[in-house]
Amino acid sequence: MLDIKLIRENPDYVKQKLKTRGEDEAAIHRIEKIDSDRLEILHKIEKLKELRNKASDDIAVMKKNKLDASDAIAQTRILGDEIKELDSQIKKLETELEQELYFIPALPAENVPLGKDATENVEVRVWGEKKSFDFKVKDHLELGKSLDILDFERGTKITGSGFPLYKGKGATLERALINYMLDNHISNNGYTEVLTPVLANRASMEAAEKVPKFEDDMYYIEKDGLFAIPTAEVSILNIHRDEILKDEDLPIKYCGFTNCFRREAGSYGKDTKGFLRVHQFNKVELINFCKPEESYNEMEKMLKDATGILESLGIHYRIIELCTGDLGFSASKCYDIEVWSYAEDKWLEASSVSNCTDFQSRRAKIRFKRHGGDGKQKTELVHILNGSGLATSRLMVALLESYQTNDGHITVPEVLRKYTNFERI
RNA sequence: GGAGAGGUGGCAGAGUGGUUGAAUGCGUCGGUCUCGAAAACCGGUAUAGGGGAAACUCUAUCGAGGGUUCGAAUCCCUCCCUCUCCGCCA
């Protein structure tokens, strides 16, 4: 969430920034009003509490000296009643303020291209070239079926549509991809592997800014009050919730594989084919906790970490920088990595790398102590970045399609062979 | 699921109604000493919010939320979590 102080002191700046995201300023107006009302009451309350504290100390002294304090007690009781009344008023305002703040997105970074929606995203670079096939390419559904490695129908039987079943060499290939990516990030890119829970409580979902804003997109187990994570970002970020980290430990970099669960409410009928949009998918996630001055630099590194995988797999991809109007809720800057689908004849999003700066860390209370040269310490919010490195479902589409042979088989990319123990499907 | 114990600062651990934001130890930071280090000694060391140019000051916080009281870490209620034993079980 945004810093209320920033809104208080620089409302016009905040409104202008939000406008570039297509947000209207009405909510900020409401917030300003609630905040000033709250401050006014806060001043009264603190004054009254100060009086009460002093009076209580006096009473303590009187009692100690065996003096009659009943007058003082009676007077202080009145103070207490006033405080109670104001307390309930301020609590109401605080709740209102929170409810508004929870729905205000992060402010775009200065160098993010302006634009109203996805059509105005900017292509940063393209890697590799499209292969040319001298036969008609099959899509991943045909390949999956004919080679008996993907079974969407039976996945549907088990759960419902959008829950894929991998089979035989398909399952092995998926596992190989995951292992390859993890090993790469651990050995070459300096990440610490974590294997986290895939269910998260409400506090964790809130800390990662997924709830209440996106509550309808989450699977929720009412009986236990738990959410299925939409991304490992949630579970990994919460490793350090409510912690104060040491500055010499930063940046802290984790990678972790989990299943991810998304209801995709409202997107029925769109990209429903096979892997293009699923409710459960596999993803290796990268999370970085760092000092504010490092975050944009770390972001570029994360982008390299993710694209390095694609390059070693020989997958044709491009990097898109999202414009202000297309940025995710928590992100100040975001790159999408898209892989080329030969059968769909379009780019598919396989990863996004986001710098969420202090937007999540404020809510999650993840800070660090900065040691000043003068021996003084200052507590600051860390910056948090997340990136998929990568999600396998759409990567699998690109991989199967681009490695198909004219006899309908799949050649396993070189780097995966030591994980699959086969070269061909 | 049944029975019991407990949640206090970075950690360990005192504290059962009144200058307790909280003893003590450890850690940590600064300093003295030293050629340097260790040891020893001295001093500092929570978080959030408000006011103030600043010095500083006020408020809140002892798992969370309510209650009792002039006053709550301490008493009462609800919830959450952890641990131990039993049961069940991958």
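Ring orientation note: the planes of F275(A) and Y166(A) are tilted relative to one another, at an angle of 30° to 60°. Ring geometry for Y219(A) against H279(A) counts as perpendicular: the plane angle is over 60°, on a 0 to 90° scale with 30° as the lower cut. Between F289(A) and Y254(A), the ring-plane angle classifies as perpendicular under the 30° and 60° cut-offs.
Around NZ of K291(A), the count of heavy atoms belonging to other residues, nucleotides or ligands within 6.0 Å exceeds 12. Heavy atoms of other residues, nucleotides or ligands lying less than 6.0 angstrom from CZ of R8(A) number more than 12. More than 12 heavy atoms of other residues, nucleotides or ligands lie within 6.0 Å of CG in L39(A), so this atom counts as buried by the packing criterion. Within 6.0 Å of atom NZ in K365(A), 12 or fewer heavy atoms from other residues, nucleotides or ligands are found, so the atom counts as exposed in its surroundings.
As a whole-Å value, the separation of D242(A) CG from rG9(B) C1' is 15 Å. Taking atom CD of residue E94(A) and atom P of nucleotide rU59(B), one finds them 17 Å apart after rounding to whole Å. Distance, D58(A) CG to rG18(B) P: 16 Å, rounded to whole Å. Atom C1' of nucleotide rG10(B) and atom CG of D247(A) are separated by 14 Å, given to the nearest angstrom.
Comparing rC77(B) with rG25(B), their C1' atoms sit 36 Å apart, to the nearest whole Å. Separating the P atom of rU74(B) from that of rC42(B) is a span of 35 Å, rounded to the nearest Å. Here, rC83(B) and rU19(B) have their P atoms 35 Å apart, quoted to the whole Å. Using atom C1' as the reference point in both rU20(B) and rA72(B), the two lie 12 Å apart (nearest Å). Comparing the C1' positions of rC41(B) and rU57(B) gives an interatomic distance of 33 Å, to the nearest angstrom. A gap of 15 Å separates the P atoms of rG13(B) and rC26(B), to the nearest Å. rG10(B) sits 13 Å from rA23(B) when the P atoms are compared, rounded to a whole Å. Comparing the P positions of rG21(B) and rG4(B) gives an interatomic distance of 35 Å, to the nearest angstrom.
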How does protein contact run along nucleotides 62-82 of chain B, one letter per nucleotide 5' to 3', with B for base contact, S for sugar-phosphate only, - for none, heavy atoms under 4.0 Å? ---SS-S-BS-----------

Using a 4.0 Å cut-off on protein heavy atoms (strictly under), produce a 5'-to-3' string for nucleotides 46-55 of chain B with B for base contact, S for backbone-only sugar-phosphate contact, and - for none. SSSBSS----

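When all heavy atoms of E285(A) and N386(A) are compared, the pair lying nearest together is OE2-CB, 3.4 Å. Here the closest heavy-atom approach between residue D139(A) and residue E401(A) is recorded as CA-OE2, 4.0 Å.
Once rounded to the nearest 0.5 Å, the distance linking CG of N184(A) with OH of Y191(A) reads 10.5 Å.
Stem analysis of RNA chain B (Watson-Crick or G-U pairs, both distances under 3.5 Å, runs of at least three) returns B:1-7 with B:80-86, B:10-12 with B:24-26, B:27-32 with B:40-45, B:46-51 with B:56-61, B:63-67 with B:75-79.
Under the 3.5 Å distance criterion, the side-chain polar atoms of T231(A) are matched with a main-chain donor or acceptor of E233(A).
No option in K91(A), K92(A), E85(A) other than E85(A) meets the side chain to side chain donor-acceptor pair (under 3.5 Å) test with Q89(A).
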